[in-house]
Amino acid sequence: MIREYRTIEEVAGPLMLVRQVEGVKYDELGEIELDNGEVRRCRVLEVNGRNVLVQLFDSAAGLNLSSSKVRFSGHGVELPVSPNMLGRVFNGMGEPIDDGVKLIPEKSVNINGTPINPAARYYPSEFIQTGISTIDGLNTLVRGQKLPIFSGSGLPHANLAAQIARQAKVRGTDEKFAVVFAAVGITFEEADFFISDFKKTGAIDRTVLFINLASDSAIERIATPRMALTAAEYLAFEQDMHVLVIITDITNYAEALREVSAARKEVPGRRGYPGYLYTDLATMYERAGRKQGSNGSITMIPILTMPEDDKTHPIPDLTGYITEGQIILSRDLYRKGCLPPVDVLPSLSRLKDKGIGPGKTREDHAGVMNQLFSSYARGKDAKELMVVLGEAALTPIDRLYAKFADEFEARYINQGFYENRTVEETMDLGWELLSILPKSEMKRIKPEFIEKYWPGN
């Protein structure tokens with residue numbers, strides 16, 4: 001029997017204290033019924049004897065302490081799951097907001113899933129094609145990997161997220177592929193962009209969208225990524241699908257965590273974020289991967305905006321420790337009109353070597369990738385030297401490298417948000433650009449590959 005309590009003692013921001021309760025557990029879901037019959041949800045945050053501290057999912061406005069009733073459900077926050085979730089749009093609490101038919105769930109699953117046991121993990125090794133040259137060619141995404149995108153305020157990470165969601169696929173298999181897209185703390189305009197873009201391109205048919213608006217509560221913001229990961233776990237490990245999870249923006253999630261932590265009067269850590277931020281992020285990120293006994297997989301691309309473009313800020317800093325690399329967006333490239341403005345040199349995919357080569361991409365991939373990195377780095381150095389000393393001071397070979405750097409940015413990095421390149425097209429473009437330089441400079445590619453793939457041979 002569900003008991004009701006009229007023992008609300010205090011409300012402070014998103015927190016509420018209820019006294020004299022029995023049998024209530026941590027993380028349990030509750031409901032508050034107001035005088036006018038309106039029902040608002042809450043979650044147990046702390047249990048101290050017969051007193052509980054709960055988080056409100058909605059505003060506390062209009063809540064009368066003496067007459068409002070509280071009841072607890074006996075279970076935590078849950079997401080109803082079903083294969084019919086694909087093609088649907090949900091809010092941050094897992095409720096449909098697309099005017100579609102009511103979802104008939106197979107079951108309801110607690111959103112606080114557990115990270116995959118390291119002993120039960122398969123090592124990521126299968127290439128995922130995003131259609132974006134700077135990722136496929138140079139910072140390859142591998143199935144089961146966690147590869148964040150570090151962006152800055154005003155950079156087009158939303159367009160890049162939508163492009164990856166539209167274009168990503170596992171090559172060479174007919175296995176089912178799905179995208180779970182969680183938008184955390186975004187504006188109405190951004191939400192409208194994502195929904196209309198996915199519908200317009202048909203990507204919505206294989207996508208589950210969770211949309212949490214900036215006007216929604218901080219508690220819902222904290223729940224949204226976990227809702228998305230719960231849906232992904234169901235599709236991957238029970239429906240044997242390859243699932244790509246894209247979460248934007250992790251910074252909004254961390255801000256909500258800081259807001260709730262401050263309301264609880266917890267001792268703050270770096271820049272006011274709670275000391276457990278690292279652990280909290282890890283409990284989300286480590287739910288991605290491949291595990292034994294299942295054909296499915298979860299690959300994750302969390303997107304975060306770095307405050308003041310600072311890579312040492314706690315959110316990108318801690319994310320970098322937990323994940324396997326990072327794709328960094330450049331403000332300078334964006335100003336030059338390069339889209340997507342991926343800053344190739346500081347970007348890194350730690351698992352790229354595992355997902356390339358014969359049978360995965362192409363035999364010449366590793367050599368071309370290393371040669372492009374090396375040549376672009378030298379070309380940028382030559383351009384900096386040109387600014388200081390003038391072009392006349394450069395050697396003929398340095399002038400060629402400077403030309404290569406310009407062409408590389410204009411043709412390889414810059415491809416727009418609606419061009420979908422196969423990995424073969426990306427490789428051929430790489431060879432075409434390298435042909436600006438003499439063959440003698442190809443010191444990172446095996447001679448047999450130069451003989452086979454050099455343009456004009």
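Predicted model only: the values in this text are computed from it and were never measured.
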Roughly how far, to the nearest 0.5 Å, is the CG atom of Leu138 from the CG atom of Asn370?
9.5 Å

In Å, rounded to the nearest 0.5 Å, how long is the span from CG of Leu235 to OG of Ser297?
11.5 Å

Interatomic distance, CD1@Ile246 vs CD@Gln163, rounded to 0.5 Å, equals 10.5 Å

Any salt bridge linking Arg143 with Glu126? Criterion: basic side-chain nitrogen under 4.0 Å from a carboxylate oxygen.
yes

Would you find more than 12 non-hydrogen atoms of other residues, nucleotides or ligands less than 6.0 Å from Tyr418 atom OH?
yes

State whether Asp343 and Arg331 are salt-bridged, where the test is any N-O pair (Lys NZ or Arg NE/NH1/NH2 against Asp/Glu carboxylate O) under 4.0 Å.
no

Arg121 vs Glu286, salt bridge (charged side-chain N to carboxylate O under 4.0 Å, His left out): CA-CA, chis, key distance, verdict
CA-CA 11 Å; Arg121 284 180 180 269; Glu286 292 299 335; 3.0 Å; yes

Between atom OG of Ser73 and atom CD of Glu28, what is the distance when rounded to the nearest 0.5 Å?
5.0 Å

Below 4.0 angstrom, N of the basic side chain to O of the carboxylate: do Arg3 and Glu22 qualify?
yes

Of Arg362, Met369, Glu363, the residue whose pairing with Ile356 passes side chain to side chain contact (heavy atoms under 4.5 Å, CB included):
Met369

Going through the checks in order, is the salt bridge (charged side-chain N to carboxylate O under 4.0 Å, His left out) test met by Glu4 and Arg6?
CA-CA 7 Å; Glu4 291 187 339; Arg6 294 177 183 265; 5.5 Å; no

Charged N to carboxylate O under 4.0 angstrom, Arg43 versus Asp58?
no

For Thr312 and Asp310: C-alpha separation, side-chain torsions, deciding distance, then whether side chain to side chain donor-acceptor pair (under 3.5 Å) applies.
CA-CA 5 Å; Thr312 65; Asp310 180 10; 2.6 Å; yes

Just do the salt bridge (charged side-chain N to carboxylate O under 4.0 Å, His left out) check on Arg264 and Glu46 with the steps written out, would you?
CA-CA 10 Å; Arg264 291 179 67 182; Glu46 200 173 291; 3.1 Å; yes

Answer yes or no: is there a side-chain heavy-atom contact under 4.5 Å between Ile247 and Leu304?
no

Give a yes or no answer on whether the side chain of Gln145 reaches the backbone of Val142 with a donor-acceptor pair at less than 3.5 Å.
yes

Answer yes when Glu238 and Lys107 have at least one side-chain N-carboxylate O distance shorter than 4.0 Å, and no when they do not.
yes

Using the salt bridge (Lys or Arg N to Asp or Glu O under 4.0 Å) criterion, which residues pair with Arg221? Sequence neighbours excluded.
none

Lys360 atom NZ: more than 12 heavy-atom contacts under 6.0 Å:
yes

Can you name the salt bridge (Lys or Arg N to Asp or Glu O under 4.0 Å) partners of Lys311, sequence neighbours left out?
none

Under 4.0 Å between a Lys/Arg side-chain N and an Asp/Glu carboxylate O for Glu233 and Arg287?
yes

Just list the side-chain donor-acceptor pairs under 3.5 Å for residues 80-96, sequence neighbours left out, or say none.
unit_1: Ser82; atom_1: OG; unit_2: Asn84; atom_2: N; d: 3.0
unit_1: Arg88; atom_1: NE; unit_2: Asp98; atom_2: OD1; d: 3.4
unit_1: Arg88; atom_1: NE; unit_2: Asp98; atom_2: OD2; d: 2.8
unit_1: Arg88; atom_1: NH1; unit_2: Val101; atom_2: O; d: 2.9
unit_1: Arg88; atom_1: NH2; unit_2: Asp98; atom_2: OD1; d: 3.1
unit_1: Arg88; atom_1: NH2; unit_2: Val101; atom_2: O; d: 2.9
unit_1: Asn91; atom_1: OD1; unit_2: Met93; atom_2: N; d: 2.9
unit_1: Asn91; atom_1: OD1; unit_2: Gly94; atom_2: N; d: 3.1
unit_1: Asn91; atom_1: OD1; unit_2: Glu95; atom_2: N; d: 2.9
unit_1: Asn91; atom_1: ND2; unit_2: Glu95; atom_2: OE1; d: 2.9
unit_1: Glu95; atom_1: OE2; unit_2: Arg41; atom_2: NH1; d: 3.0

From CZ (Arg444) to CG (Leu372), nearest 0.5 Å:
11.0 Å

With the threshold set at 4.0 Å, does a side-chain nitrogen-carboxylate oxygen contact exist between Arg378 and Asp381?
no

Check this for me: Lys199, atom NZ, are more than 12 non-hydrogen atoms of other residues, nucleotides or ligands nearer than 6.0 Å?
no

Parallel, tilted or perpendicular: rings of His313 and Tyr273 (30°, 60°):
perpendicular

